[in-house]
> 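The structure's right below; bear with me while I get my questions together.
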2 protein chains.
Amino acid sequence: MSTLDSPADAGPAPSRRELNKAATRQAITDAALALLRGKGPGNFTVEDIAEAAGISRRTFFNYFGSTDAALASIVHGFLDNAIQQLRLRPADEPLLESARAALVALADPKAVAPLAELFSLTQQSPLMAHPELEAWDHCRAQVFMVARERLAGTPSEADELYVHALAGSVISCGKAAMEVWFNRRGPDLSPASLAELRQLLIDAMALLGTGFTTPAPSTSRSS
Amino acid sequence: MSTLDSPADAGPAPSRRELNKAATRQAITDAALALLRGKGPGNFTVEDIAEAAGISRRTFFNYFGSTDAALASIVHGFLDNAIQQLRLRPADEPLLESARAALVALADPKAVAPLAELFSLTQQSPLMAHPELEAWDHCRAQVFMVARERLAGTPSEADELYVHALAGSVISCGKAAMEVWFNRRGPDLSPASLAELRQLLIDAMALLGTGFTTPAPSTSRSS
DNA sequence: TCACGCGCTTACACTATGTGCAAGTTTGCA
DNA sequence: TGCAAACTTGCACATAGTGTAAGCGCGTGA
């Protein structure tokens with residue numbers, strides 16, 4: 001989201017309007033998350049969220065197209081952050097290495113906490129599947145674009161298959177690492193747990209880089 | 001496996017009720033596809049589909065949860081078919097090889113045609129994204145189960161990450177091949193086009209098997 | 001062959017979702 | 001200060017999705 005440390009920041013100038021909008025947006029997701037905690041997935045309506053956020057039902061729909069979309073914005077926030085990290089990596093670095101670095105950089109409590117809570121509240125509830133899948137796919141599209149930019153000008157510039165397959169696989173492996181981590185540790189955010197997440201992400205990218213050769217490749221847990 | 005009636009029939013005994021249900025289901029998807037052709041995505045309602053299929057609106061919802069779900073059943077049909085092919089492969093074969101074989105076996109006009117038309121009608125229309133992503137994810141879960149079964153008893157039985165990452169990557173690469181193929185050929189089902197699809201699927205699996213080492217790996221088109 | 005039971009279809013009613021529109025309110029700017 | 005643009009809100013309306021109970025068609029056993 002925002003890294004507003006010093007006065008001379010990248011933003012042009014956060015006007016009052018934009019601050020209000022950001023605040024409203026935040027109020028909506030907060031309210032939605034609170035209701036998810038309190039009532040469980042599928043047991044509250046847009047009207048409930050709007051009331052809890054102190055806005056009208058109509059205004060809710062000015063921000064999000066559905067309850068799901070409001071909750072998925074949490075996932076979007078995390079993944080957008082990941083993309084941002086990815087774009088910071090040097091362009092001549094192998095993409096797998098960049099992805100590994102970007103993901104590991106994101107494995108800190110601040111960034112993972114909302115995601116972990118969302119997962120713990122929606123686990124094995126297909127009600128959440130739709131917008132979450134869409135969020136990951138959006139991220140995939142971003143990775144695709146980064147990968148394409150990097151390959152621009154190289155001999156294989158036009159190899160769409162390579163770029164599509166790579167982007168999709170990177171996302172799948174990142175997702176797999178997150179999923180395994182959550183299955184093992186639940187919403188545990190302790191340093192040891194986060195270290196394991198980092199190792200899983202590293203291992204997942206390594207699997208991709210080695211073509212899934214050895215079924216027992218990792219240092220993170222070998223049965 | 002053997003019933004007295006038909007020579008090569010696998011079903012236990014298609015009763016009249018089941019035939020009716022199958023027919024209705026088919027009528028619904030046919031009607032939905034026809035409306036998609038005629039009016040474009042998002043420009044028709046459940047009521048329209050029901051009317052075209054000769055059933056009530058309520059009955060539609062007895063079969064599908066939404067218009068999207070009705071159309072996604074086409075994708076589901078294709079992917080279920082792929083899973084079936086995958087399960088026919090010998091259990092000691094490498095999974096990538098099995099996936100390659102299963103996918104190539106599915107690259108025939110009969111199986112691909114409905115999928116190709118659906119793609120051509122919904123391309124760059126996010127209205128279709130949700131249920132389609134869900135269909136792919138369902139397939140991913142199936143591949144995951146197959147992979148887990150195959151590794152049961154091997155030294156790496158408990159390596160969840162490996163299985164999750166592999167299943168996800170296989171799906172992503174299959175998806176990538178289909179996407180590239182459609183971007184190149186559109187709804188072209190000529191033998192040459194299908195041969196290219198097959199080659200793309202093979203190349204995609206090869207990329208996965210070689211860890212995406214060479215950015216210019218394929219025989220399918222190198223710019 | 002017939003009648004009973006069960007499953008599927010349907011109409012109805014109702015809640016929730018999502019959107020267009022116009023009026024009211026706040027913010028930016030000259 | 002005053003105007004214009006952006007944002008919020010209430011209202012109306014079309015559509016989605018579901019529970020319920022009555023009606024119809026299919027399978028089955030007497």
Side-chain angles (χ1 to χ4, degrees), chain A residues 11-32 35-36 38-73 125-131 134, chain B residues 3-5 11-32 35-36 38-73 125-132 134:
Chain A
S15 78
R16 184 62 180 269
R17 277 216 169 98
E18 296 172 45
L19 288 179
N20 283 344
K21 285 194 74 170
T24 301
R25 203 179 178 80
Q26 190 63 44
I28 291 175
T29 60
D30 288 352
L35 283 167
L36 187 64
K39 299 193 167 189
N43 296 116
F44 55 96
T45 71
V46 170
E47 201 146 355
D48 296 332
I49 302 178
E51 189 184 2
I55 56 170
S56 73
R57 195 180 77 97
R58 189 61 182 81
T59 298
F60 173 92
F61 283 112
N62 286 345
Y63 283 84
F64 298 102
S66 64
T67 41
D68 288 351
L71 289 169
S73 74
S125 162
L127 288 162
M128 203 50 207
H130 271 187
E134 205 182 350
Chain B
T3 40
L4 310 174
D5 291 349
S15 79
R16 184 61 179 272
R17 278 218 170 97
E18 296 172 46
L19 288 179
N20 283 344
K21 285 193 72 169
T24 301
R25 201 178 179 81
Q26 191 62 44
I28 292 174
T29 61
D30 288 352
L35 283 167
L36 187 64
K39 299 193 165 189
N43 296 116
F44 55 96
T45 71
V46 171
E47 199 147 356
D48 296 332
I49 302 177
E51 190 183 4
I55 57 171
S56 74
R57 197 179 77 97
R58 190 61 181 83
T59 298
F60 172 92
F61 283 113
N62 287 344
Y63 283 83
F64 298 102
S66 63
T67 41
D68 288 349
L71 289 169
S73 74
S125 161
L127 288 163
M128 203 49 205
H130 270 189
E132 197 165 312
E134 205 181 351

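Proteins come first, then strands; the chains are lettered A, B, ... in the order of their sequence lines, and each starts at number 1.
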> Quick check for you: to the nearest 0.5 Å, what is the distance between Phe60(B) atom CZ and Asp48(B) atom CG?
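Here the rounded value is 11.0 Å.
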> Would you name the heavy atoms of Pro131(A) and Ala72(A) that are closest together and state the gap between them?
CB-CB, 3.5 Å
> Where along nucleotides 19-30 of chain D does protein come under 4.0 Å, by heavy atom, of base (B) or sugar-phosphate alone (S), with - for untouched nucleotides?
BB----BBS---
> So if I apply the side chain to side chain contact (heavy atoms under 4.5 Å, CB included) rule between Leu35(B) and each of Asn43(B), Ile49(B), Asp30(B), Leu71(B), which one comes out positive?
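So the option named by the test is Ile49(B).
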> Can you tell me how far P of dC13(D) sits from CZ of Phe61(A), to the nearest Å?
18 Å
> Do Phe64(B) and Thr29(B) have side chains that get closer than 4.5 Å, going by heavy atoms?
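They are in side-chain contact.
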> In terms of side-chain heavy atoms of Ser66(A), which of dG17(D), dC7(D), dG18(C) is nearest?
dG18(C)
> Output the rounded distance in Å from NZ (Lys39(B)) to C1' (dT15(D)).
14 Å
> With rounding to the nearest 0.5 angstrom, report the CZ to OG distance, Arg58(B) to Ser56(B).
8.0 Å
> Take atom CZ of Arg57(A) and atom P of dG18(C), then tell me their distance rounded to the nearest Å.
9 Å
> Quick one: pull up NZ in Lys39(A) and OG1 in Thr45(A) and give me the separation to the nearest 0.5 Å.
7.5 Å
> Return the CG to CZ distance between Asn62(B) and Arg25(B), rounded to the nearest 0.5 Å.
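One finds 11.5 Å between CG of Asn62(B) and CZ of Arg25(B).
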> Can you tell me which nucleotide in dG18(C), dT9(C), dT9(D) comes closest to the side chain of Ser56(A)?
dT9(D)
> Between Thr24(A) (side chain) and Asn20(A) (backbone), is there a donor-acceptor pair under 3.5 Å?
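Flag set: sc Thr24(A) to bb Asn20(A) pair under 3.5 Å.
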> Check the distance between dA16(D)'s C1' and Asp68(B)'s CG and give it to me in whole angstrom.
12 Å
> Measuring from Tyr63(A):OH to Ser73(A):OG, what's the distance to the nearest 0.5 Å?
12.5 Å
> Output the residues of residues 44-53 of chain B in contact with DNA chain D, where contact means a heavy atom of the residue under 4.0 Å from an atom of the strand; sort by number or write none.
Thr45(B), Val46(B)
> Give Phe60(B) one of three labels, base, sugar-phosphate or nothing, depending on what nucleic acid heavy atoms sit under 4.0 Å from its own.
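No contact.
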> Rounded off to whole Å, could you give me the CG-to-P distance for the Asn62(A) and dT26(C) pair?
17 Å
> OP1 or OP2 of dT8(D) less than 4.0 angstrom from a side-chain nitrogen or oxygen of Tyr63(A), does that happen here?
yes
> Looking at dT10(C), dT9(D), dT18(D), which one has an atom nearest to any side-chain atom of Ile55(A)?
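The answer is dT9(D), which lies nearest to the side chain.
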